[in-house]
Amino acid sequence: MISIVLFWVLAVAALVFGFLVFRLDSMAQVTFALLASFLAVAGLVLLLGLSYLGVVIVLMMVIEMVIMAVFMIMYMMNPAGLMPMSMFHNTKGSAVIAGVVFVALVAGILLVDWPTRQGEAAPDLTFALGEALMGGQMLTMMTLGVTLFATIVATVVLSTNRGRYDRFGDDLDRAVADDPAGGGVG
Amino acid sequence: MADALPLWSVVLLPVLLVVVTWATVAFDAALTARAAGGPSGVGAALAVPVRETARLLVGQRRRTVAADVVLGRVGGAVLPVAALLAAAVLPWGRLPVADLDVGVVWFNAMEVLAWAAVWMVGWGSNSALALVGGYRFVAQGLAYELPHMFAIITAALGAESLRVTDIVDAQQDLWFVVIMPVAFVVYLLSAAAMTFWGPFDAPVSRDVAGGAAAELSGIDRLVFAGGRWMLFVAAAAMAVPLFLGGGGGPWLPAWLWVAVKTAAVLALLVWLRRKVPTLRMDRWTEFAWVVLIPATIAQALVVAIVVLQRGGM
Amino acid sequence: MGMPGGLPMADLGPDRDGLTLDRLHVALGPVLPDWPAGLVVRVVLQGDVIQEARAELLDRDRAGVFWDGPQRRAARELDALARLLGVAGWADPAARARRLRDELLAGSPPERVVGRASGLVRRVRRSRTVRLLVRGIPAGETNLAALVEQRLDAVEVALSSGAAPVRGQVAELAGLLVGAELAAARLIVAAVDPETESARVRHG
């Protein structure tokens, strides 16, 4: 009973906050409305019994949304994001697409003949999840991880306009880096 | 969640958290009074939090031009709520209020909420100094969340479980602080940084007139400052189950050991911030990225090898 | 779309990394914790980097000089030290400096204070954290570490000989602040601790 009530509350909250993303006119409020929507979805995942996934969604989304808020306001807004703005682009087209997708998904939910559960859920779902992701796929995961990391490093190296030769001199023999404002250990 | 504390513990948790926070604030006030040479003594120190709370309760809320009231207030309210939810997985003796199977991840997620909260508060009052404070905390949180996460995960790795009570059980023979000292030190440092506790208090420091909290007064300030103290207490208390063997110890009952160890960690952190000036983030983000993260990764590697040697996994 | 709260828009300007970014006009002071009395520094900020600065004194024609005579001059140096430590976020030594200042102002002879004061100065000098926090921050021709050292010297000189150390002037501040970040700028102002009284006498 409680879980049914929770489901509806969270589902409605996810939709309402998602809707608010397009109704509010402040970049900061929009970002945190989106975060609230994600948190409601995280609650729904928790309701499914997938505790690890649910909590990780909370963790990652909070971090992501705060960083996103900072960057959006830094790049797009003036002054300091206080100017009201609208989040609409191509109103009619996107409304049609959103409506069609929503109807299709709801139709799918109602029309598909869902199978009944076969067998028992694993006793430790977090462990089972890790096993399924990593067990047979360790090599894939490791390759993926290293590739992603290499991409991040390469992007930073290519885009920075001040590398270590600028900071430490052509022979890297400067004792203290030549920075606009010295920082920490380097 | 097979066995947990009875239901009344849910009601008792906020009370307990407030009492511990009160004691911590009083201890800090006593040290401040001693440094300033003012009236000191246990009674005077214990009265400080009560007097301050009463003063803020009757104080007026400050209004600023073009403030974002919604975000500012929500941000302030999130802090105490996050502290309370984080404290729910702390074992009081043997058991916590909620013995989640992903307890440490839950704890970390609740700590991260403070990130959003401080930024929202700093943003909310539409004041340059407050916003500077909010942004400082984002930079600090970003730099210290990763070492923090690695330190927590190292403890979980040592116990081969994300459940806090399992981590405590795994330390029956040997406290984790012995086999993972680096993770313990990094945990304490980053816990101070994540709760913007001194010496990592640049987000609310004096040079920006109170930073994120610069424009707060009355009930808003009470909720923000109180929430920040509670979060600090929760983060310090988590060091006990993660690294100091939880309620384990001779002679005394488990709950008393938890109380003693928590008090010791809190006293250490309160004392520590008086020894050093504020570590500004423009100097210390680099320290987190270049020193702490590699150190915690190396520590996790060592612990992983130890676990494999013992025939774990 | 009206302006939010009637506040003006920020304008754009080139920043130190070669981008064009918003600039925000902020007045630092006259009301800030641990800030020289009557000083206002109007700055143009990009992020928290100061692009332009203009320093002035409010209330210049007020009559009278408070920090006068060897006793009060020594107290003034301790006051400046307390403010510097306060800005650096080191509450306990700051409180100690304020206590010594109050003792001097209440009339206790400098000999009774000088021992504890030089102990305090030694402690600040020895602190590795302080050194790391002020190292490598340029301030005009000089740098923050040198300015902090000057301030510490001034405390010792004023207490031992009662002589008035040479102070920076308000007009020099702007040149020191441009290019500094906000946190560093606060430290620079606290370390320079510009003359706020004789300026009044001269102009008033």
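Quick note on labels: first sequence line is chain A, next is B, and so on, each numbered from 1. Worth saying up front: this structure is predicted, and the values here are computed from it rather than measured.
For the pair Leu45(C) and Val132(B), the minimum side-chain heavy-atom distance is 4.5 Å or more.
Nearest heavy atoms, Ala88(C) versus Pro277(B): O-CB, 3.4 Å. Contact detail for Leu133(C) and Arg280(B): the closest heavy-atom pair is O-NH2, 3.1 Å.
Heavy-atom distances place the side chain of Val26(C), and not its backbone, under 4.5 Å from chain B. With a 4.5 angstrom heavy-atom cutoff, Leu279(B) touches chain C via backbone and side-chain atoms both. Looking at Val124(C), neither its backbone nor its side chain comes within 4.5 Å of chain B, counting heavy atoms on both sides. Interface residue Arg99(C): only side-chain heavy atoms are found under 4.5 Å from chain B. Using a 4.5 Å cut-off between heavy atoms, Arg123(C) contacts chain B through its side chain alone, with no backbone atom that close. For Ala183(C), the parts sitting under 4.5 Å from any heavy atom of chain B are the backbone and the side chain alike.
Taken from OH in Tyr135(B) to CG in Leu182(C), the straight-line distance is 14.5 Å, to the nearest 0.5 Å.
Under a cut-off of 6.0 angstrom, the local environment of CZ in Arg54(C) is sparse, with at most 12 non-hydrogen atoms contributed by other residues, nucleotides or ligands. Residue Trp289(B) qualifies as enclosed at atom CH2: its count of foreign heavy atoms under 6.0 Å is above 12.
Among Arg274(B), Arg273(B), Arg34(B), the one residue that satisfies the salt bridge (charged side-chain N to carboxylate O under 4.0 Å, His left out) test with Asp92(C) is Arg274(B).
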